[in-house]
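A short worksheet on the structure shown next.
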Amino acid sequence: TQKVIAIDGPSASGKGTIASRVAAALGFDYLDSGALYRLTALYAEKQGVEWDDEAGVAALAQALPAVFESGKTFLAGEDVSEAIRTEAIGMGASTVAQLPAVRAALLQRQRDFLTEKGLVGDGRDMGSVIFPNALLKIFLTASAQVRAERRAKQLGLPCEGVAFERILADIEARDEVDSRRAVAPLVQLPDAELLDTSAMGIEETVKKVLDWYRK
Ligand code: C5P
């Protein structure tokens, strides 16, 4: 087995928060694999390459000048920590993530995050493709309504009204694309623990993961 905790789940399920806290608790490194797809989408946009140009985007992904340092994300030296978090780039990430050549270009880069320290990886295919021999696999989810509410709060928006309905629709659209695509679709693996956090807080969720790990 690999010294990896693989946390997969739909958008806005809290994977980033949970995965980074579990990593900190165990002294493991943390891989935010979605950031690589977001960076690829942003890089393509900056370079004037269309998101559906498979060869063009894959070439950019292969040579992605990305650096993760003290909680910040840099692209070609520029701090893009906030620029990669928009819904538009989320959709772009979801678009480029459907291209097999792009996924192939990012495969080894993700595996290289694993050292003897151990790794917590979050994404859609951590347990299925990147680290199939992970010592613990988790399918982290929550209802679309709850995920949209968390996203709205993050953005300082009310949990009702036109803006909220758009957040909810964006989340559902991205889940649909990520679950139905041909390559590395988001699925709940038979060997993954199901963790539905619709009615759970952060501390409780982190504790649950650590309990499974220590078992
Ligand atoms: O998790 P996050 O919202 O940052 O991911 C952005 C997009 O990147 C997802 O909607 C998904 O399409 C893609 N992705 C992926 N495989 C991963 C991580 C993210 O396809 N391991």
Side-chain angles (χ1 to χ4, degrees), residues 2 4-20 23 29-45 51-52 54 57-58 60-61 64 66 68 71-73 75 80-114 119-132 134 137-142 144 147-148 150-152 154-155 167-189 192 195 197:
Q2 297 164 299
V4 173
I5 298 178
I7 303 183
D8 292 304
S11 53
S13 58
K15 299 186 302 290
T17 305
I18 303 306
S20 53
D29 284 319
Y30 165 53
L31 165 62
D32 173 4
S33 64
L36 292 172
Y37 292 93
R38 288 171 178 271
L39 283 161
T40 300
L42 180 64
Y43 196 34
E45 188 175 88
W51 285 336
D52 58 1
E54 181 160 14
V57 178
L60 294 179
L64 196 67
F68 299 94
K72 289 194 171 156
T73 307
L75 180 63
V80 294
S81 313
E82 283 173 21
I84 58 166
R85 292 297 151 198
T86 66
E87 278 310 313
I89 290 298
M91 281 296 183
S94 190
T95 303
V96 302
Q98 293 177 63
L99 308 171
V102 171
R103 304 199 73 85
L106 294 174
L107 177 72
Q108 193 55 44
R109 191 176 191 119
Q110 295 174 78
R111 290 188 174 154
D112 288 344
F113 276 82
L114 175 58
L119 185 71
V120 182
D122 92 53
R124 305 294 184 289
D125 63 345
M126 293 296 98
S128 59
V129 177
I130 311 297
F131 302 109
K137 298 181 185 180
I138 291 171
F139 188 79
L140 189 76
T141 191
R147 289 185 284 127
R150 289 178 186 158
R151 179 61 52 85
Q154 234 173 35
L155 298 170
I167 293 173
L168 181 57
D170 282 347
I171 283 178
E172 288 176 330
R174 197 135 67 79
D175 290 351
E176 181 79 6
V177 173
D178 292 343
S179 311
R180 290 185 186 272
R181 70 187 178 206
V183 282
L186 172 65
V187 289
Q188 190 195 333
L189 299 168
L195 190 44
T197 68

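Both ligands and their constituent atoms are indexed starting at 1 by order of listing. Worth knowing before you read on, the calculation uses all heavy atoms, side chains too, and leaves out hydrogens, waters and symmetry mates. From a predicted model like this one, the values you see are computed outputs, not experimental measurements.
Counting protein heavy atoms only, atom 16 (N) of ligand 1 is closest to R103 NH2, 3.0 Å. In this structure, the protein non-hydrogen atom closest to atom 18 (C) of ligand 1 is S33 OG, 3.3 Å. In terms of protein heavy atoms, atom 8 (O) of ligand 1 is closest to Y37 CB, 3.6 Å. Distance from atom 4 (O) of ligand 1 to its nearest protein heavy atom, with residue and atom name: R38 NE, 2.6 Å. When only non-hydrogen protein atoms are considered, atom 19 (C) of ligand 1 lies nearest to G34 CA, 3.5 Å. Here the protein heavy atom with the shortest distance to atom 6 (C) of ligand 1 is R174 NH1, 3.6 Å.
Heavy-atom separations between M91 and ligand 1 are all 4.0 Å or longer. For the ligand labelled ligand 1, residue K15 lies inside the 4.0 Å heavy-atom shell.
Side-chain contact annotation: T95 with D52, donor-acceptor N/O pair under 3.5 Å absent. At a cut-off of 3.5 Å, with distance as the only test, no side-chain donor of R150 or T17 sits close to an acceptor on the other residue.
For R124, a nitrogen or oxygen atom sits less than 3.5 Å from a nitrogen or oxygen atom of ligand 1, counting backbone and side chain alike. Close N/O approach between D178 and ligand 1 is found [any backbone or side-chain N/O within under 3.5 Å]. Residue Q110 has no nitrogen or oxygen atom sitting less than 3.5 Å from a nitrogen or oxygen atom of ligand 1, judged on distance alone.
Near A97, with a cut-off below 4.0 Å to any heavy atom, the atoms of ligand 1 are 12 (O), 13 (C), 20 (O). Residue D125 has at least one heavy-atom neighbour below 4.0 Å for each of these atoms of ligand 1: 16 (N), 17 (C), 21 (N). Remark: ligand 1 atoms within the under-4.0 Å shell around heavy atoms of M126 are 21 (N). Short contacts between ligand 1 and A93, defined as distances under 4.0 Å to a heavy atom of the residue, involve ligand atoms 6 (C), 7 (C), 8 (O).
Note that CZ of R151 is 8.0 Å distant from CD1 of I167, once rounded to the nearest 0.5 Å. For the atom pair R147 CZ and L168 CG, the distance stands at 9.0 Å (nearest 0.5 Å). The structure places CD of E172 at 9.5 Å from OG of S11, a figure rounded to the nearest 0.5 Å.
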Please tabulate, for the side chains in residues 36-43, all donor-acceptor contacts under 3.5 angstrom to protein atoms that are two or more places apart in sequence or on a different chain.
unit_1: Y37; atom_1: OH; unit_2: R103; atom_2: NH2; d: 3.3
unit_1: R38; atom_1: NH1; unit_2: I84; atom_2: O; d: 2.8
unit_1: T40; atom_1: OG1; unit_2: L36; atom_2: O; d: 2.7

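The number of heavy atoms from other shown groups lying within 6.0 Å of CD (E82) does not exceed 12.
Contacts classified as salt bridge (Lys or Arg N to Asp or Glu O under 4.0 Å) and involving residues 104-113 (residues at least two apart or in different chains) are not found.
The backbone N or O of M126 lies less than 3.5 Å from a partner atom in the side chain of D8, making a donor-acceptor pair.
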Open item on the list: Quick one, T73 with L75, criterion side-chain contact (heavy atoms from CB on, under 4.5 Å). Give me CA distance, side-chain angles, the key distance, then yes/no.
Closed with: CA-CA 7 Å; T73 307; L75 180 63; over 6 Å; no

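Residue contacts with ligand 1, taken as heavy atom pairs separated by less than 4.0 Å, involve R181 solely via side-chain atoms from C-beta onward.
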